[in-house]
Number of protein chains: 2
Amino acid sequence: MATGRTHRPATRSRGIPEATVARLPLYLRALTALSERSVPTVSSEELAAAAGVNSAKLRKDFSYLGSYGTRGVGYDVEYLVYQISRELGLTQDWPVVIVGIGNLGAALANYGGFASRGFRIAALIDADPAMAGKPVAGIPVQHTDDLEKIIKGHGVSIGVIATPAGAAQQVCDRLVAAGVTSILNFAPTVLSVPDGVDVRKVDLSIELQILAFHEQRKAGEEALPDGLPASAAAARENTDKGPDGDVPAVMPA
Amino acid sequence: MATGRTHRPATRSRGIPEATVARLPLYLRALTALSERSVPTVSSEELAAAAGVNSAKLRKDFSYLGSYGTRGVGYDVEYLVYQISRELGLTQDWPVVIVGIGNLGAALANYGGFASRGFRIAALIDADPAMAGKPVAGIPVQHTDDLEKIIKGHGVSIGVIATPAGAAQQVCDRLVAAGVTSILNFAPTVLSVPDGVDVRKVDLSIELQILAFHEQRKAGEEALPDGLPASAAAARENTDKGPDGDVPAVMPA
DNA sequence: ATGTCTTTGTGAACGTGTGCACAAAGATTG
DNA sequence: CAATCTTTGTGCACACGTTCACAAAGACAT
Ligand SMILES: NC(=O)c1ccc[n+]([C@@H]2O[C@H](COP(=O)([O-])OP(=O)(O)OC[C@H]3O[C@@H](n4cnc5c(N)ncnc54)[C@H](O)[C@@H]3O)[C@@H](O)[C@H]2O)c1
Ligand SMILES: NC(=O)c1ccc[n+]([C@@H]2O[C@H](COP(=O)([O-])OP(=O)(O)OC[C@H]3O[C@@H](n4cnc5c(N)ncnc54)[C@H](O)[C@@H]3O)[C@@H](O)[C@H]2O)c1
């Protein structure tokens, strides 16, 4: 998420905030569920509850797309599903390649929710010659040597990287050189890409570490009931190591 | 970030901004790499480059933790690794359970970067009786019936949900009732949890859809001011066909 | 038509995050 | 010790995001 902000004077409401874009798939999911239950219309309050957001936020989000609601009634479910799908570019099918068919890559390939949302696995690619030709999720794995040919042959613009971290940048470079302009990276590495290429990352460790941070905070707060956040301040004070750093300067373990 | 009622902004203590917390693991990763190369000190500029962020942002982030740098020199790598680890609560080992040992759950269990970052897989849990006792990643899978016993026995406070969407809320409720207060959710559902429980989600489809949005914008910027009639909307709603895929989120009435 | 009732769409206030730019701190050199 | 050089830590301004609160739009009943 570092796409150079195209400073568009907003001729029309064409500038949808990034935070809104990130929530559209959430709305779409909730709306699809309603659609399957043949619910004709939904209010911002109901839909917001289903998507787990504030209703005012939802209404403002939709206002960036246009005025698709009816006052006093709500939103037409089918119509909104279509509008959001169109906005997200899901009315077309996006061919996707997955590179690195190990534990994670195979799980991704087997993931059903992939195809049901506008994405199609065009190819699976791995560097291991022993894997070449072996089918995973019904799709034969192809060798990295053919990466460029595969990308260009299928007109792939979205790539998923599930290789070890050490190989990720190299794979990324090849993908980009072959024409991929959007990358979803599962490897724990920072990827550098040229302007115009989007990278999003999914990192399990980071998520867990964020949870651990809050978990620790919760555990420390139990001591003082309803009190002021003196503990945090005190803990930080400690780091003002005295003249002789009594705090170990080396990490244990 | 927590789902459910967020009326209370969660004790906005003298705390570290959420955006900063989310970057600390990134810094930690970069610092660990430097540490392994025995680099003694690093400047904000260098470290920022390695972590893929702006150096001013990095310095401001660190300023919330304390004054750990030396002007004219930079930051002591080992010391900073320790301080960030401590802040994130990684100086202790967090036992984690994974519920739902299918394609994804098994991949997560096999993921090495788990243990190397302060987390330990305490148990693997699945509802399939056929899986009980079978080892995955060297750990025998246990049945859901024993979920509460397992959680309490190991003092687990972090749970990972990798079940189908339809089972996620139910699993979540049981985890929370058993004492789990942090959940990492891979199922495409909005989880409701009581106050005090943190939920973070990882959703592949959402990431891909966000990429598709930007991809579409990049590709089709030449024309199409749209304005499609509503009739076209009704004509195309055939996008859903998930035979099993993910069970759509149920709406709380 | 008129009135009432529901719910949208949005202006405005507020909160959070980002990045510039620079004074101050400390290392280092002469 | 003073001068110089490097790099931190942060004040400030601005951009972005969230939430409140309410006028206006439209449905629906009478
Ligand atoms: N498994 C998880 O749950 C998980 C979680 C978070 C992050 N990750 C990350 O995802 C990545 C993959 O994890 P995994 O568990 O599947 O690892 P894995 O070792 O099982 O699979 C890696 C695959 O990548 C292939 N590969 C290696 N170099 C390649 C190259 N240059 N080009 C193409 N393919 C190449 C290997 O042959 C192998 O099949 C790792 O970076 C890991 O850190 C995994
Ligand atoms: N595989 C992926 O790459 C991927 C990507 C994104 C999201 N997801 C989501 O992750 C989840 C798991 O995906 P998967 O591909 O591993 O599915 P899967 O069907 O392979 O595995 C699901 C596992 O959960 C177990 N399970 C079902 N109900 C349970 C319950 N009540 N308690 C405990 N265990 C239960 C099943 O026995 C099975 O082993 C799904 O919600 C999926 O939508 C998967």
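A note on names: the letters A, B, ... follow the listed sequences, proteins ahead of strands, and every chain is numbered from 1.
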Presence of A:S44 side-chain N/O under 4.0 Å of C:dT8 phosphate oxygens OP1/OP2: yes
Taking only the side-chain nitrogens and oxygens of A:N54, find out if one of them lies under 4.0 Å from OP1 or OP2 of D:dC20.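 Checking A:N54 against D:dC20: at least one side-chain N or O falls below 4.0 Å of OP1 or OP2.
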Choosing from [options], which nucleotide comes nearest the side chain of [X]?
X: A:S63; options: D:dT8, D:dG9, C:dT10; result: C:dT10
X: B:Y75; options: C:dT8, D:dT8, D:dC20; result: D:dT8
X: A:P17; options: C:dA21, D:dG17, C:dG9; result: D:dG17
X: B:K57; options: C:dG19, D:dC20, D:dG9; result: C:dG19

Confirm from the modelled atom types if B:K60 and C:dG19 form a donor-acceptor pair under 3.5 Å, side chain to base only.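 Indeed there is one.
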Under 3.5 Å donor-acceptor pair, A:R71 side-chain atoms to C:dT8 base atoms: yes
Under 4.0 Å between any heavy atoms, over every strand shown, what does B:F62 touch: base, sugar-phosphate, or nothing? Just pick one. nothing
So B:A19, base contact, sugar-phosphate only, or nothing? Heavy-atom distance under 4.0 Å. sugar-phosphate
Distance-only side-chain donor-acceptor flag, A:Q169 / A:T189, under 3.5 Å: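 The criterion, which ignores hydrogens and geometry beyond distance, is not satisfied for A:T189 and A:Q169.
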Less than 6.0 angstrom separating the ring centers of B:Y68 and B:F62, yes or no?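 Judged by ring-centre distance (under 6.0 Å), B:Y68 and B:F62 do not meet the cut-off.
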Whole-Å gap separating P (D:dG9) and CD (B:E45):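 In whole Å, D:dG9 P and B:E45 CD are 14 Å from each other.
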Please report the interatomic distance OH(A:Y27) to CG(A:L65), rounded to the nearest 0.5 Å. 9.5 Å
So A:E18 and A:R23, salt bridge (charged side-chain N to carboxylate O under 4.0 Å, His left out) or not? Walk me through it. CA-CA 9 Å; A:E18 192 58 32; A:R23 281 188 294 268; over 6 Å; no
